[in-house]
Amino acid sequence: MLTVEKLRAFGANVEEGLGRCINNEQFYLRLAEKAIADPGFEKLMEAAEKGDLEQGFAISHALKGVTANLALTPLYDPLCEITELFRNKADADYVSLVSAVLAKRGELTKEN
Amino acid sequence: MNVEIPNGKMQTEPGAARKRKILIVEDEFVNREILVAMLDAEYEMIPVGSGADAEAVLLRQAGEISLVLLDLNLPDRHGLDILREMKENPRTAKIPVIVLTSDKEAEVESLNLGAIDFIPKPYPIPKVVQARIRRTIELSEGRDLIRETERDHLTGLYTREYFYRYAEQYDVFNPDVPTDALVLDVNHFQMVNERFGKQYADEVLIRIAGAVVSSVSASGGIACRRSADTFLVYCPHLSDYRAFLDGIATAACGNDRGRIRLRLGVCAETEKSVEMQTRFDRAKIAADTVRGSFTECIAFYDNAMHEKEIYAERLLDEFRAAIDGKQFAVYFQPKFDVRPETPVLCGAEALVRWIHPELGMISPGVFIPLFENNGLIRILDRYVWRETVRHIAEWKKKYGSTVPVSVNVSRIDMLDPDLVGTLRDLVTDGGLDYSDLHLEITESAYTENARQIISTVNELRKIGFVIEMDDFGSGYSSLNMIATLPIDVLKLDMVFIRSVFRENGNLRMLKVIVEIAETLSVPMIAEGVEKAEQLNTLREMGCAMVQGYYFSPPLPAAEFEKYVRERKKENA
C-alpha cells in the first residue's frame, strides 16, 4: 500500500504534490496510486518498441503532466527527457529509457 | 470595471446563491481531479475528458458557463481546434478560456487564438490557480457589463453616454477634421408603433441603425440610439445630406416609403470648443423645425435658431431676478355676459406679461412654453395667483364687490399634492370668497392624467372653486368625456374660434359645441372674439359669455379697475 513515507523515500516531492491536492493526504495517495497504475506506462513501452515516435510523444507527454502535478520527481525527470526526444523525433534508445522509467515505477508497485 | 464575485457565487434570485460553472476539458484523470479539488468549493465543475464531450456540454449549456479550462492534448481533438471553434461561434465566443499547458509554444498560439490566460503544468499551488480563475471571471464579466451598457440592446449602436465619450475622442484624435452633429428622428414614431405593431417598429429601428452605420462608418463616423426613435450621428462634415437621408429612408421601409418619414437636424462644422452635447441639442432643435413637414425633412442649425436659443437661455437665466424684481405684471382681460342687450362685465382672466427692463414687453407665447418645459411655470403661476388675489382683495375693499377673476392652473400644478391647500390658503389669507377666484385648467390636462386630475378638480370644487375648462375645442376630449368631467364653465379655444370664422363650413361645428354646452347646462365663454360678426354669430347660437379684443385687450390692473368701478356705479 502506498504511503506518504514510501513516496518520500522514493524521492517524490511530497509537500509539493500534497499542496496541489489541497493538503488532503488520502486524496493525494489515491491519485498517486492511480498514476502509478496508469496503463500509459505499458503503452509507452509498446510505442518505444515499435518506434512509434508520435504515439510515444503523446503518451510520454501525458505521463509527464500527471507525474509533474503529483511531484513524482523520479518518474517526472526521465519522462521529461523522453518527451523532448520524442518531440524532436530524436534517434535514441527509447526502449532502454522507458525501461528505466518502468523500473523506477516498480519501486513503488512492489510490496514491502 | 470590476465585478465583485464573492466566493464565485452568483446571485440569481433573492436569497438563493448559485455557483458559477466551470467546464474542465482534460483527459488525464489525475489532472482533472486535482483541478476539481482545487476549485470545487467555489465553483460548480463540469469535468470532461474529451473534445467531443466538451462540445456536447457547450452546445447545451453555453450560456451558463463562466469559464473553460482547456487542455490541449486531448485523445480525439487538439485543444486549439476547440478554442478556434469556440471563438468563431457567437454563442461561445464570449466564454473566457484558460489553456492548461506546459508547452511554451502552445501558450503563445493559444493567446493568439483568443485564450484569455494559461495555467502551466505542473499546476501552481491552489491559491494561485484559484486567484487566476477568479480574476479571469471578474474581468470577463466586467467586460460583458461594459459591452451591455455600451451598446443599445435593440440596434447594437452605442448608447448615449458612450457615444458622447467616443465622439469627444474623435475630436481629440482628429482636431482638424470639420465635423457635423446629426439628429435623426422618425416622424410620429408612436403612430408607426400603434398602426403596424411593435415588432414592425423595432424592425424599422434596426434597419435604420444598420443603414446609418453603413453610411457613416467608412468615413469614421459613429452613431447611437439616443432614445426610442432618435439617432445621433457624429461624422466628418458633409454639405449635402439628401443622399444620406434618402439611403436611410429606403433601408428603413424598402418600397413602402410612405409609412415612415424621417427628419434630420444638422449642426454643421461647429467649433470644437462647443460642448458635444450642446451640438446635438442644436441639431435636435433644427430637426424639430421640420417635424411634421411633408416637404422639408432636413434642417441645418442656423443663426436664427442660435439667436432664439440664446434669447431663451437669457430668459431662463433672468427668471428668478424677474420674479424678485416684480417684472411680471398681471393683466386682466374682461369677460362679458352677452345675453343682455347691452353686454355686462361678468369677470376677467388674469394674464401674465413680462415687462423686461431691457427687452421691453415679452409675449407670454415666448416665455410660457419655455417655463412649462422646465417646471419654472409653477413658480410663475403662484406669483400670478398671489398678485391676482391681492388685486381682487384691493377692489373688494374699495368697492365692496368685484367680479370673479380666473387664473391659469398649469398641467404640472395639477400634479402637485399641495395644490388644493395652496389655493385654499391663498383665498382665505386674502380674505376672498372661493367664488372670487376661478381656476382655468387646460383641456389636454384632463386627457393626460384623467383620474388624478378629476379627483383634484373634485376636491377644488367641493371647497367652492369654480372650474373653467380652458382651450376647449383644441381637439382632445371625446364627447363622452366632456359629459362626465367635473367642470363649471367651458372656454372655447381662441384658435378654434378663429378657424371657425375663417372657414365658413365650420360654423356648424361651432353650433354643435354650443348645443353640447347647453345640454350639459355648462355656460360657455368664447375666447379670442375680435369682430362684431363673430360676436353676433356666437350670441345667436346662444353662447353666454365672450372674451376678446372686440371688447378689450388684457389691461393693466389700474385700467381694469375702471371697469370694476363702472360696474359698481351701474349696480348702485
Side-chain angles (χ1 to χ4, degrees), chain A residues 2 7 12-41 43-44 47 54-77 79-84 86-88 105 108, chain B residues 7-8 24-43 45 47-51 69-81 98-107 109-110 118-134:
Chain A
L2 204 56
L7 282 173
N13 188 340
V14 172
E15 275 59 45
E16 189 191 313
L18 253 177
R20 249 176 234 120
C21 294
I22 56 168
N23 290 314
N24 182 334
E25 209 175 282
Q26 214 182 341
F27 177 55
Y28 176 53
L29 292 173
R30 187 163 64 82
L31 293 187
E33 276 178 353
K34 185 97 182 160
I36 294 158
D38 195 318
F41 286 101
K43 286 185 185 156
L44 184 63
E54 271 182 30
Q55 186 65 8
F57 170 72
I59 298 168
S60 62
H61 188 266
L63 289 171
K64 184 187 93 172
V66 170
T67 53
N69 274 333
L70 295 171
L72 303 175
T73 321
L75 295 175
Y76 169 70
D77 286 345
L79 280 167
C80 276
E81 189 192 342
I82 294 171
T83 303
E84 289 317 299
F86 275 128
R87 187 200 301 275
N88 297 320
R105 180 184 70 147
L108 289 172
Chain B
N7 300 323
I24 301 182
V25 191
E26 163 65 78
D27 61 323
E28 288 302 329
F29 175 82
V30 169
N31 298 345
R32 208 161 60 217
E33 285 297 291
I34 289 176
L35 285 172
V36 170
M38 284 179 176
L39 303 169
D40 198 37
E42 286 191 28
Y43 305 97
M45 315 300 296
V48 297
S50 70
L69 295 176
L70 180 65
D71 179 38
L72 295 184
N73 296 303
L74 297 166
D76 54 344
R77 303 202 53 189
H78 198 282
L80 289 179
D81 292 333
I98 293 182
V99 161
L100 309 165
T101 181
S102 54
D103 186 345
K104 294 282 166 207
E105 288 284 311
E107 283 170 13
E109 203 176 346
S110 324
F118 56 86
I119 288 179
K121 286 180 189 170
Y123 302 147
I125 57 170
K127 272 186 184 171
V128 172
V129 173
Q130 288 156 1
R132 281 173 96 154
I133 284 175
R134 194 177 302 137

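Excluded from the calculations below are hydrogen atoms, water molecules and symmetry mates; all remaining heavy atoms, backbone and side chain alike, are included.
Here B:E28 contributes atom CD and A:K64 contributes atom NZ; the two are 12.5 Å apart, rounded to the nearest 0.5 Å. Residue A:L31 holds its CG atom at 6.5 Å from CZ of B:F29, rounded to the nearest 0.5 Å. Note that OH of A:Y28 and CD1 of B:I34 are 9.0 Å apart. Values are rounded to the nearest 0.5 Å.
For chain A, the nearby part of B:P124 is the backbone; its heavy atoms alone come within less than 4.5 Å. If you measure heavy-atom distances from B:N31 to chain A, the contacts under 4.5 Å come from both the backbone and the side chain.
The candidate with the highest count of non-hydrogen atom pairs below 4.5 Å against chain A, out of B:L35, B:N73, B:L100, B:D27, is B:N73. When each of B:P122, B:P75, B:A37 is scored by its heavy-atom pairs under 4.5 Å with chain A, the top score falls to B:P122.
Annotation: A:E33, atom CD; neighbour count of heavy atoms from other residues, nucleotides and ligands within 6.0 Å is above 12.
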Could you pull out every donor-acceptor pair under 3.5 Å between side chains of residues 15-27 of chain A and any protein atom, sequence neighbours left out?
{"from": "A:E15", "atom 1": "OE2", "to": "A:R8", "atom 2": "NH2", "distance (Å)": "2.8"}
{"from": "A:E16", "atom 1": "OE1", "to": "A:N13", "atom 2": "ND2", "distance (Å)": "3.2"}
{"from": "A:E16", "atom 1": "OE2", "to": "A:R20", "atom 2": "NH1", "distance (Å)": "3.1"}
{"from": "A:E16", "atom 1": "OE2", "to": "A:R20", "atom 2": "NH2", "distance (Å)": "2.6"}
{"from": "A:R20", "atom 1": "NE", "to": "B:Y123", "atom 2": "O", "distance (Å)": "2.5"}
{"from": "A:R20", "atom 1": "NH1", "to": "A:A68", "atom 2": "O", "distance (Å)": "3.1"}
{"from": "A:R20", "atom 1": "NH1", "to": "A:N69", "atom 2": "O", "distance (Å)": "2.8"}
{"from": "A:R20", "atom 1": "NH2", "to": "B:Y123", "atom 2": "O", "distance (Å)": "3.3"}
{"from": "A:N24", "atom 1": "OD1", "to": "A:Q26", "atom 2": "N", "distance (Å)": "3.2"}
{"from": "A:N24", "atom 1": "OD1", "to": "A:F27", "atom 2": "N", "distance (Å)": "3.1"}

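Contact annotation: the side chain of B:E33 never approaches that of A:K34 to less than 4.5 Å [non-hydrogen atoms, C-beta and beyond].
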